[in-house]
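To start, the structure itself, in structure tokens.
Just follow the structure's listing: the first ligand is 1, and inside any ligand the first atom is 1.
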Amino acid sequence: MLGLMQSQQLLISSLIDFAERHHGDAEVVSRRVEGDIHRSNYRQIAARARQVANVLDARQLGFSARVATLAWNGYRHLELYFGVSGSGRVLHTINPRLHPDQIAWIANHAEDQVLCFDLSFLPIVKAVHGRCRTIQQYVALCDESALPSDTGIPGLCSYESWIGAHSSHYVWPEFDENSASSMCYTSGTTGHPKAALYSHRSTMLHAFSGALPDALNVSARDAILPVVPMFHVNAWGLPYSAAMTGAKLVFPGPAMDGKSIYELIESEQVSFAAGVPTVWQMLLSHMQSARLRFSKLKRTVIGGSACPPAMISAFHDDYGVEVLHAWGMTEMSPLGTVCTLKNKHDQLDADTVMQVRLKQGRAIFGVDMKIVDGNGKELPWDGHSYGDLLVRGHWVLANYYRADTASPLVDGWFPTGDVATIDADGYMQITDRSKDVIKSGGEWISSIDVENIAMSHPGVAMAACIGIKHPKWDERPIIAVVRRQGSDLSREALLAFYEGKTAKWQIPDDVVFVDAIPLGGTGKMQKSKLREMLNDYRLPNT
Ligand code: AMP
């Protein structure tokens, strides 16, 4: 017997409809590329999202056609979130920090048809447009008057003129909730970047769970500052959870330095902010040196890489702000765990509670997790046994977009590549990463890419890249090199060799010359041994 309740598809368009109807005057405030502050609200965002849908219809973009963005967090980006996905197209948020070669590769792989970009990224678009085979329309996210001339980009138009000619009346289409809604490439592992392709259903369920009190605790009484970029896993789903609850949104645009973030938090009375540790480090140093206080900020969610204990204490003890440590990944939309406390923690002393807060947290409803040993045998939740972390759930990837390999799932579980413990209360803690990627300022650097460039130098016999802890950027890459016989290759010459071959921030901070790189039984480099060899090594200028 089937239930007798109404059946509606879970569609992203319903979020902006709801926000417009019930929270039309809730504000969306953005610092723009131009530096000024722009004020909008859900009523205006909804109307302009419908204009986006109309222009895409007028251009006859098919169902599931990809519309790409190279954009900071801002109101126009939010309009595209709803207008593109709501009308049945797929929003492809591209990470502008990638090397232009990777950006061109990604745009071709996704078969993007439109690219909307902030003017900060004009140099990137100029560099790649000749290589983007499928893009038919380039749209600069600016007013007509700010549109630069003589860019050489064919058919470039301003966003305001692009949507301005179209009506704000539009009826969102109904379609299968399993249809793709957005996509995000991750370059964590070897080879080309791979894309997670989210669906309306997965995004909606993620937004519901993400808004729960024991997750990010989003409500109409909040003013949320997502510093986490909208080009990286949909800013942790905050644009959707905010529309679902009618929370005010405050977008930082390109200004993520401590001073700009502090000013925005205070002027817009932000109650809740989310970002990677690097951003909060800059904010804390600014506040400490200028002796500033928060007037309204209550909590911050910190994830993307492990949050240092000193940061949790500084927020809590010095500023009365609760830090919620969170863990997730691109393949998980991204939320997996959030470290919120249980009643029992009220009885514990501050040090013990701190040990809990340092963990990445417990699973939110909709995600299940387990840890297994090398043979795939499940390990106990005792807080000590550590093993490979696997997850499954409503918003966990089943396979990569246009993957040329089999599904990564193991008996229906997604292997995260992280190594973790889980305690009896279900709190998970990442102890290590099984991959060798380097996390720098919240971004990934593929050690293999760094090695491949070094290996292409005639003076290099072998090269291995590892991450070294860095006080500001979390980790920075260094490259250990065995010189080819007879070569007198210098540190400076090798670093100069990287120029122009990869993004600047992906260039290693240092070169260490070694006699040999340790190899394992099958001829693979043993980076754990290399790390041991370089135990006493310190990065320059730290
Ligand atoms: P990404 O797909 O770029 O979001 O990166 C996901 C990876 O970042 C995870 O698999 C973890 O290795 C790492 N990560 C994310 N959040 C945390 C955290 N709170 N603590 C430690 N590592 C984290």
**Prompt:** Taking Tyr198 as the fixed residue, which of Val90, Ile12, Val233, Leu91 is the one that meets the side chain to side chain contact (heavy atoms under 4.5 Å, CB included) rule?
**Reply:**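 Of all the options given, the one that passes is Val233.
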Hey, does [X] sit under 4.0 Å from ligand 1 if you only count heavy atoms?
{"X": "Pro334", "result": "no"}
{"X": "Lys439", "result": "yes"}
{"X": "Gly417", "result": "no"}

**Request:** Pick whichever of Thr330, Asp418, Ile430 has a heavy atom sitting closest to atom 11 (C) of ligand 1.
**Result:** Asp418
**Message:** Using a 4.0 Å heavy-atom cut-off, which part of Cys307 comes near ligand 1: side chain, backbone, both, or neither?
**Reply:**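 Cys307 to ligand 1: no contact under 4.0 Å from either part.
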**Message:** Please classify the Gln360 to ligand 1 contact at 4.0 Å (heavy-atom distances, strictly less than): side chain, backbone, both or neither.
**Reply:**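 The part of Gln360 near ligand 1 is the side chain, not the backbone.
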**Message:** Just checking His316: does its NE2 atom have more than 12 heavy atoms from other residues, nucleotides or ligands closer to it than 6.0 angstrom?
**Reply:**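 Counting neighbours around NE2 of His316, 12 or fewer heavy atoms of other residues, nucleotides or ligands fall under 6.0 Å, so no.
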**Request:** Would you check the N or O atoms of His325, main chain and side chain alike, for any that come under 3.5 Å of an N or O of ligand 1?
**Result:**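 So ligand 1 has an N or O lying under 3.5 Å from an N or O of His325.
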**pair Lys472-Met282: side-chain heavy atoms closer than 4.5 Å** =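 A side-chain contact under 4.5 Å exists here.
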Atoms of ligand 1 less than 4.0 Å from [X] heavy atoms?
{"X": "Met329", "result": "2 (O), 4 (O), 6 (C), 10 (O)"}
{"X": "Ala326", "result": "16 (N), 18 (C), 19 (N)"}
{"X": "Trp327", "result": "9 (C), 11 (C), 14 (N), 15 (C), 16 (N), 17 (C), 23 (C)"}

**Asked** Side chains of Trp327 and Asp418: do they bring a donor and an acceptor to under 3.5 Å?
**Response**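 A donor-acceptor contact under 3.5 Å links the two side chains.
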**Asked** Does His77 have its ring centroid less than 6.0 Å away from the ring centroid of Phe231?
**Response** no
**Prompt:** Measuring from Trp280:CH2 to Ser285:OG, what's the distance to the nearest 0.5 Å?
**Reply:**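 Between atom CH2 of Trp280 and atom OG of Ser285 there are 12.5 Å.
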**Asked** Is it the case that Lys359 places NZ or CZ above or below the six-membered ring of Tyr427, under 6.0 angstrom from the centre and within 45 degrees of the axis?
**Response**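 Verdict for Tyr427: no cation-pi partner in Lys359.
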